[in-house]
Amino acid sequence: MPRIALMQGNEAVAEGALAAGVRFYAGYPITPSSEVAEVMARRMPQVQGVFIQMEDEIASIMAIVGASLAGKKVLTATSGPGFSLMQEGLGYACMIEAPIVILDSMRYGPSTGMPTKVSQMDLMQSRWGTHGDHWLIVYSPSSVQESYDLTIRAVNMAEKYRTPVVILSDETISHLREPITIADVSPTVDRRLPAERAGYLPYKTDATLVPAIANVGTGFRTSFTGLVHSDTGFQTANGHVAEALITRLRDKLLSKLDDIIELEADRVEDADITFISFGITARGVAEAVDVLRTRGKKAGSLRLVTLFPFSDDRIRKAAGNAPTIVVPELNSGQLVLLIKRVFGDSRRIVPLNKVNGDLISPADILNFVAEEKL
Amino acid sequence: MPRIALMQGNEAVAEGALAAGVRFYAGYPITPSSEVAEVMARRMPQVQGVFIQMEDEIASIMAIVGASLAGKKVLTATSGPGFSLMQEGLGYACMIEAPIVILDSMRYGPSTGMPTKVSQMDLMQSRWGTHGDHWLIVYSPSSVQESYDLTIRAVNMAEKYRTPVVILSDETISHLREPITIADVSPTVDRRLPAERAGYLPYKTDATLVPAIANVGTGFRTSFTGLVHSDTGFQTANGHVAEALITRLRDKLLSKLDDIIELEADRVEDADITFISFGITARGVAEAVDVLRTRGKKAGSLRLVTLFPFSDDRIRKAAGNAPTIVVPELNSGQLVLLIKRVFGDSRRIVPLNKVNGDLISPADILNFVAEEKL
Amino acid sequence: MDNGRFELRLTGSGGQGLILASIIVAEAAIAEGKVVTQSQVYGAEARGGTTKAELIISDRHIAYPKVTDPDLVAALTNEGLKQYGGGISRKTVVVIDSSTMALPESLNEEACKTLLALPIRNATVEKLGSELGLNVVLLGIIQGLTEVVSVEALRTAVSLHVKKQYVDLNMRALDLGIEMVRESATTGIRI
Amino acid sequence: MDNGRFELRLTGSGGQGLILASIIVAEAAIAEGKVVTQSQVYGAEARGGTTKAELIISDRHIAYPKVTDPDLVAALTNEGLKQYGGGISRKTVVVIDSSTMALPESLNEEACKTLLALPIRNATVEKLGSELGLNVVLLGIIQGLTEVVSVEALRTAVSLHVKKQYVDLNMRALDLGIEMVRESATTGIRI
Amino acid sequence: MKMSNLRSERLPNIWCPGCGNGIVLRSLLESVEQLGLDTDKIVVVSGIGCSSRAPAYTNFDNVHTLHGRAIPVATGIKLANPDLTVIVLTGDGDSSAIGGNHLIHAARRDVDITVIVFNNFNYGMTGGQASPLTPVASVTTTTPGGNTDRPFDLVNLTAGAGATYVARTGIYFTKHMLDHLKKAIAHRGFSLVDVIAQCPTYFGRFNRKGDAGQMIVSQKDWLVLKSVADKKSPQELAGKIVIGEFVNIPPPGPAVVPEGQV
Amino acid sequence: MKMSNLRSERLPNIWCPGCGNGIVLRSLLESVEQLGLDTDKIVVVSGIGCSSRAPAYTNFDNVHTLHGRAIPVATGIKLANPDLTVIVLTGDGDSSAIGGNHLIHAARRDVDITVIVFNNFNYGMTGGQASPLTPVASVTTTTPGGNTDRPFDLVNLTAGAGATYVARTGIYFTKHMLDHLKKAIAHRGFSLVDVIAQCPTYFGRFNRKGDAGQMIVSQKDWLVLKSVADKKSPQELAGKIVIGEFVNIPPPGPAVVPEGQV
Amino acid sequence: MPDRKTYKIAHVRKWCKDCGICVAVCPRKVFEIDRNDRQAIVNPQDCIGCQMCVEHCPDFALNVTEDKSDA
Amino acid sequence: MPDRKTYKIAHVRKWCKDCGICVAVCPRKVFEIDRNDRQAIVNPQDCIGCQMCVEHCPDFALNVTEDKSDA
Ligand SMILES: Cc1ncc(C[n+]2csc(CCOP(=O)(O)OP(=O)(O)O)c2C)c(N)n1
Ligand SMILES: Cc1ncc(C[n+]2csc(CCOP(=O)(O)OP(=O)(O)O)c2C)c(N)n1
Ligand code: SF4
Ligand code: SF4
Ligand code: SF4
Ligand code: SF4
Ligand code: SF4
Ligand code: SF4
Ligand SMILES: [Mg+2]
Ligand SMILES: [Mg+2]
């Protein structure tokens with residue numbers, strides 16, 4: 001029977017991960033994500049899992065990559081400064097196709113900024129932080145329940161597509177307590193493993209474009225490298241192989257957008273003004289839309305649950321036809337850059353930014369709409 | 001009297017830096033940037049400067065930040081993997097407003113990729129690699145001469161605006177040898193220093209929005225922190241101060257676009273097809289435009305010498321009115337994302353990507369134009 | 001509880017157990033089938049200083065999770081009230097601890113629904129022997145004032161958070177709070 | 001030199017000094033007021049293996065800096081020619097070292113302007129006592145074949161790159177190369 | 001202690017009641033004063049942590065850097081201007097966890113900076129997690145069942161890396177602390193002092209070490225002077241930590257900053 | 001040596017003629033064979049560098065990671081599956097420069113992995129720059145006037161960090177190398193072997209060490225067995241490097257993987 | 001005890017955090033944490049000027065100087 | 001010397017890089033680098049089967065086994 005529990009966002013991420021089968025956690029404390037480590041330190045021994053506090057965030061991401069190659073489902077959690085340090089390892093995980101999940105709980109930046117204040121300033125970094133062409137999945141929870149659910153989904157997607165998945169949360173959700181419903185069992189996905197040793201080519205793929213790579217220690221003798229590699233797993237500097245690899249890494253995700261992308265539209269059909277937002281900001285939007293509607297203003301909301309891959313097409317379709325689109329976010333304007341690209345000149349795109357460490361409240365939105373005469 | 005010398009791109013960066021007054025270099029070797037360090041190891045002692053090989057790229061960027069605070073003009077050089085590791089330090093330099101210059105010579109990525117092959121895959125990373133809202137200047141040379149000249153400019157801009165400046169070069173330019181003209185003296189800019197100790201507030205700014213911070217060891221007793229800080233330099237969690245700081249860090253660059261942005265337009269006025277490109281790719285474009293013109297096709301080129309700040313307006317204006325815009329780049333499509341935003345639906349924007357480790361040659365462009373019937 | 005929604009803010013200094021108090025009310029409310037969101041402010045990374053804990057209790061989904069229009073604000077320090085007194089309106093019941101707090105200049109009966117000064121700390125020390133239980137006394141006061149959760153639910157929630165040997169003490173603390181409200185109603189020690 | 005532009009490619013194995021050779025030609029060309037771009041291929045990060053050095057010499061600005069339409073390709077190893085023989089056309093003079101290379105199957109007189117097989121290594125060892133100077137002999141051959149730079153400019157450029165005691169040897173190497181071309185012209189040992 | 005070296009306008013400091021950091025800070029200010037250093041030429045550099053807030057209370061140039069990165073910044077400053085006295089104030093986590101590599105490399109290079117570790121056996125700032133110096137069996141928020149990782153011995157670590165001056169002291173022993181801070185700062189070359197401080201809020205509370213006063217006075221019991229320890233058996237020293245000077249190699253010549261590269 | 005453990009289809013290897021890496025690789029394969037390990041349960045992990053290409057020539061699971069990051073990956077693998085024998089093959093730069101922090105922390109935690117350092121005193125892969133193990137006065141591309149930074153002594157460094165097995169050997173002494181690799185791999189807990197290899201292409205050439213054959217044979221002159229060295233004075237040992245076993249602390253109990261956290 | 005020195009104990013109230021360290025280190029029980037959890041100077045006359053409290057106060061809240069006022 | 005053992009030296013030409021290490025380590029001068037800079041086995045009959053060359057060949061190019069063919 002599903003049970004209801006009051007949890008903090010960070011706890012929900014940890015419990016969601018455990019429910020999804022995560023049995024290895026490596027991390028380094030940092031506000032506002034540290035509670036994930038603290039919960040894992042307590043919980044892992046109870047489920048015969050491994051908790052290890054590493055010497056830094058670089059070691060943390062590399063340790064989960066190692067554990068992932070050894071067959072574990074894995075998680076690490078951090079915030080901006082640690083996420084910056086993890087970027088090289090993140091690209092490595094993309095390249096060798098190691099299923100890993102990273103929580104980045106956003107705080108105010110840049111640099112150490114304001115460690116206990118909320119922001120949504122790592123949005124673009126979550127897509128472009130590491131060097132080189134790469135693709136990954138980024139989810140954005142906006143509640144504690146979703147922190148739990150999306151973590152399960154993140155783990156499953158990481159396994160299914162052998163890709164890093166980032167959960168881009170924030171200080172508010174990390175520390176918010178809400179009652180959540182926990183199912184007895186959660187749907188889990190396990191990575192596909194190769195059937196037999198004969199003819200085993202770790203990076204050879206079928207139509208799914210996702211390789212069935214053996215876990216280390218199971219007799220398949222796989223070779224992993226962050227260098228460009230052929231189906232054999234061995235390095236090559238062959239341009240054709242490189243192009244094929246990089247293209248497959250893209251297409252294995254971009255060809256599965258139906259499965260990966262979740263957008264939540266609310267009353268956009270007849271809207272005159274639609275808000276496009278993500279994460280905690282969508283909560284203020286939801287309330288503001290209610291109020292606007294009661295005031296007779298046709299408002300709607302599109303919430304990006306999946307931030308990346310970012311599909312211009314899907315967002316265009318899901319957003320409805322409101323002539324005015326407002327993009328509220330807790331940064332100086334990042335999502336709005338993408339939204340502008342999506343809609344070209346066809347709509348009026350209005351950024352609404354707050355960078356003082358507080359949330360965008362329903363009142364902020366209502367005032368903005370009034371002031372800007374939207 | 002100006003002299004002419006045959007130099008590699010990397011050597012030109014090192015010599016340009018020396019000409020600009022750089023007297024401190026800290027770095028960690030990595031292909032294809034290592035020659036910068038090697039030249040500096042030889043040259044620095046000759047000019048009473050400091051060369052130090054650090055234990056990694058994190059230490060390298062932090063060491064140049066330290067030396068910069070002590071009053072030196074500074075440089076480090078790296079490539080993708082090292083640039084990823086420098087991201088946290090880069091954000092710190094943005095926040096404390098330390099003038100530093102970083103060369104990122106792009107190789108094929110992600111991860112270790114193909115170390116000796118060219119790419120332009122770190123474009124978006126150069127803007128968004130570190131966490132938190134931040135702004136910086138990114139220049140892109142397309143020749144050895146420009147490697148020299150832009151390095152001087154980068155150093156000057158870093159000093160003038162107290163900001164990190166990234167020189168986004170690539171493997172080809174780094175290793176290309178071309179004759180360059182070297183002036184006897186180059187125009188140099190020195191950071192503004194505070195006049196007197198009385199009433200000294202390190203982060204208080206005038207209309208320039210650039211603070212006149214004292215170098216350490218000069219009796220002003222400055223306090224630096226990557227936390228949000230007030231004019232005093234001391235940390236605060238005050239939301240108003242945070243907002244003012246982050247906004248000033250933006251505006252100190254965005255209000256000086258005339259000084260910072262350089263775009264090179266070639267025959268765009270009457271063009272039917274305009275190529276927008278940067279760095280080494282612009283060289284192939286230049287030749288292709290010549291050929292197209294000789295064939296009677298009205299082609300033009302816009303080369304982004306300054307990549308960031310990225311001004312939609314300026315690019316829109318500089319690009320002319322060609323109905324078709326082709327964006328060739330050595331990645332899976334990064335600049336084209338920005339160009340799409342700039343032009344909305346008003347033009348046909350066509351990406352031309354090459355991701356096999358080779359350059360986009362004039363023939364590639366001509367073939368593309370033919371095949372796509374542009 | 002306007003249209004099925006109740007917004008509570010507790011403020012004071014770190015270590016007074018206000019966050020825990022808000023969690024206990026949250027759990028009691030959940031046990032009664034309510035929806036809640038609980039949050040708090042973190043100061044600079046170092047400890048001490050002023051804190052605030054917030055709780056919204058509602059019959060239905062709560063979109064924006066932070067208190068904007070509090071039904072009850074309870075402050076245990078002047079600094080807390082100063083920093084986190086925002087949003088107090090004619091609908092707000094304000095409780096202050098008269099044992100440690102001066103009468104707030106900025107606040108008066110006009111600015112809120114009720115302004116109640118109770119000697120919370122003194123009463124706690126006097127009746128329970130020490131400051132331990134201060135936050136549970138406050139819980140009693142909240143219950144007494146608002147009945148946003150039932151006493152039974154609150155008792156259960158409290159007992160889930162304390163060691164066996166302290167259950168009794170805490171039940172007495174709860175009762176003390178409820179009693180203080182009752183008394184204040186009869187004696188009318190409103191400001 | 002078509003319309004004031006000359007494209008040169010040298011290929012062989014690491015350590016033969018081909019990159020240096022291309023740089024020397026570049027410097028000689030610059031001294032004569034030309035514009036150049038010189039580049040090379042790097043193999044995997046480890047050493048050895050096949051290399052290529054490229055040089056474009058032009059009267060005016062060079063846009064695209066890599067060789068696409070070579071005027072001269074000189075190969076010192078079969079592997080080099082195989083990997084980097086691309087772009088050879090009817091305008092290309094191809095030189096191979098007949099002392100170490102087999103006659104390339106893919107290439108014939110038809111496919112290029114001239115196909116010249118010279119015993120470069122053998123001649124070097126024989127006349128100069130060792131392989132040292134092989135790349136300078138090649139420089140002489142290039143000069144002799146194309147006169148893209150003057151002998152004097154080349155001599156100066158070479159001497160800037162060698163220690164005093166080796167200047168003589170290198171001048172002899174240069175002469176040897178030039179001589180080999182002259183001889184081949186008279187003896188006609190074209191393939 | 002000269003109050004002018006303290007930014008008293010910024011007091012009270014942000015540390016918890018009874019936190020040991022202020023005691024180390026005081027000792028630092030005292031040592032700088034006693035050494036007669038030119039206060040215009042002192043730069044105090046720190047990373048991130050409670051302890052790393054200390055420099056901002058000094059009236060010297062001070063640089064609060066990133067977590068673990070004080071040492072490379074200090075290295076940059078020192079090499080850029082060898083006239084300066086460069087002092088790093090850092091935590092046990094800052095210096096030995098995320099900053100461990102910079103620590104050993106600075107020791108190896110023998111760059112002339114002084115590193116003062118405010119060692120409270122845990123990560124105070126982030127809420128009391130284990131650090132690489134947390135003793136075995138100690139309870140922290142990330143070792144709820146007691147720490148099972150072995151800690152570093154900072155003295156052995158930095159000595160093994162080539163440090164030319166290494167000492168350990170404790171905040172109870174203010175005279176001892178002052179003496180060793182002075183010697184470290186005066187040392188030409190890399191110097192480190194491991195100062196046993198205290199975090200009553202987390203480490204003390206989780207491990208039932210009593211209140212701040214009890215914690216500090218208890219140092220008398222579990223810190224042993226090296227001169228005394230040298231005469232004791234390992235069994236007698238079990239559970240104790242030895243304080244004193246462990247490495248003190250005078251610089252070979254006049255040059256103390258790595259010069260060849262300079 | 002069993003050829004089946006070598007991926008002979010990938011030969012010739014990418015290393016330069018005379019590079020010492022192949023000799024260490026052979027010794028590793030030999031030691032694994034002599035120890036009778038289950039080759040399905042061996043994972044070889046490396047960072048980036050010439051030496052870090054070695055794992056790809058073994059017919060075991062192998063993971064070529066990032067520069068300096070082999071050890072945390074190996075740690076993750078070992079903790080995730082303690083049945084595996086996890087061996088890190090790394091360069092002097094990979095392990096002691098960018099990877100230095102992971103090295104000391106693995107030693108501290110005593111995680112049961114074996115680290116084999118292919119020590120050629122420079123960064124081979126990037127063209128012969130100095131590493132933290134480059135001897136003083138040696139010429140490299142970043143120390144054109146001779147190195148002035150002091151090198152680490154890997155034995156002291158890892159012993160200081162708490163390693164329970166540390167040895168040093170040289171590629172000339174193939175028997176000695178094999179013995180110590182075997183002991184290291186068999187050791188329960190963290191073990192490290194510093195193998196003096198050679199890079200004739202850069203370090204040898206820049207420092208006029210002769211050709212590959214001369215370089216290898218010369219190890220007879222400048223490597224000294226610990227048993228012999230113990231009887232010599234520091235002066236007699238000047239310019240020499242001592243090889244042998246330096247630390248060998250048997251594990252305390254049955255548990256070798258840090259367990260409390262596990 | 002005519003020649004016994006006496007000492008002035010200065011306490012900066014606004015910097016003091018009532019941590020009790022001075023209470024613990026003072027050999028003469030000069031300080032106390034009172035029933036309001038506040039540091040109090042209860043036996044100033046017993047002070048022997050040893051500076052233990054000054055050197056151990058983490059908040060720079062104490063200063064002990066010889067009292068020369070009667071001299 | 002009727003009972004002196006003889007050895008077969010197998011050399012994998014395509015793996016050998018002619019580095020000369022075998023030449024340097026062989027106690028019996030079995031190998032040589034010839035005038036074409038190539039490794040050559042010149043005195044196979046002198047081999048004593050010490051394995052020095054095998055263990056020091058970085059390229060796995062040598063194998064020395066006892067020659068039992070006459071036995
Ligand atoms: C890159 C990065 N990772 C993590 C953190 C979070 N963090 C801040 S301080 C700290 C530990 C501080 O411990 P220590 O150095 O011992 O200082 P203390 O607070 O105990 O004085 C951590 C993990 C950070 N700020 N940056
Ligand atoms: C983050 C990062 N920085 C730098 C490099 C470049 N790099 C590759 S290998 C190497 C040094 C290798 O030296 P060592 O570990 O001694 O190995 P060797 O090649 O000598 O065997 C460097 C600096 C890199 N790949 N990644
Ligand atoms: S948390 Fe610990 S270390 Fe930090 S200020 Fe408080 S007592 Fe000091
Ligand atoms: S460069 Fe040095 S280490 Fe690398 S393969 Fe060549 S000889 Fe070996
Ligand atoms: S030690 Fe200082 S801060 Fe603590 S109680 Fe005494 S005077 Fe106050
Ligand atoms: S100086 Fe000594 S005796 Fe006097 S109050 Fe302070 S600690 Fe007590
Ligand atoms: S040692 Fe091996 S690779 Fe070197 S020459 Fe001899 S057989 Fe060839
Ligand atoms: S086995 Fe010994 S004697 Fe025989 S060839 Fe090899 S090294 Fe020489
Ligand atoms: Mg600490
Ligand atoms: Mg090396």
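Here the structure is a predicted model, which is why all the values come from computation and not from measurement.
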- Query: Nearest 0.5 Å, what's the CH2-CG distance between A:W128 and B:L337?
  - Reply: 5.5 Å

- At a heavy-atom separation under 4.5 Å, does A:I58 approach chain B through its side chain, its backbone, both, or neither? side chain

- Most contacts with chain A, counted as non-hydrogen pairs under 4.5 angstrom, among B:S332, B:G344, B:C94: B:S332

- Message: Checking an interface table here. Which of residues 239-248 of chain B come within a heavy-atom distance under 4.5 Å of chain A?
- Response: B:G239, B:A242, B:E243, B:I246

- Message: To the closest 0.5 Å, what do you measure between CG (A:L227) and OG1 (B:T112)?
- Response: 4.0 Å

- Name the option with the most non-hydrogen atom pairs under 4.5 Å to chain A; the candidates are B:G109, B:S79, B:G113, B:G91. B:G113

- Got a donor-acceptor contact below 3.5 angstrom from the A:S84 side chain to the B:Q87 backbone? no

- When B:E88, B:M86, B:K117 are compared by non-hydrogen pairs under 4.5 Å with chain A, the top option: B:E88

- Against chain B, label A:Y108 side chain, backbone, both or neither, depending on which of its atoms sit under 4.5 Å from a heavy atom there. side chain

- Mind checking which of residues 129-137 of chain A sit less than 4.5 Å from chain B, heavy atom to heavy atom? A:G129, A:T130, A:H131, A:G132, A:D133, A:H134, A:W135

- Given that the side chain runs from C-beta out, which part of A:F83 has a heavy atom under 4.5 Å from chain B: side chain, backbone, both or neither? neither

- Message: The criterion is side chain to side chain donor-acceptor pair (under 3.5 Å); which residues satisfy it with A:S105, sequence neighbours excluded?
- Response: A:S174

- Task: Let me know if B:T236 has heavy atoms under 4.5 Å from chain A in its side chain, its backbone, both or neither.
- Result: backbone

- Message: Taking every non-hydrogen pair under 4.5 Å, which of A:M124, A:R127, A:H229 racks up the most with chain B?
- Response: A:M124

- Item | Which portion of B:L249 sits near chain A, non-hydrogen atoms under 4.5 angstrom | neither

- Query: Most heavy-atom pairs under 4.5 angstrom with chain A, which of B:G333, B:G80, B:S119?
  - Reply: B:G80

- With rounding to the nearest 0.5 Å, note down the distance linking NZ in B:K340 to CG in A:L338. 12.0 Å

- Note on the structure: Closest heavy-atom pair, A:V228 versus B:M114, reported as atoms and distance to 0.1 Å, is CG2-CG, 3.4 Å

- Task: Would you please go through residues 347-361 of chain A and name the residues with a non-hydrogen atom below 4.5 Å from one of chain B, in numerical order?
- Result: A:V355, A:N356

- Item | Atom pair CZ (A:R341) and CD1 (B:I339), whose distance is rounded to the nearest 0.5 Å | 12.0 Å

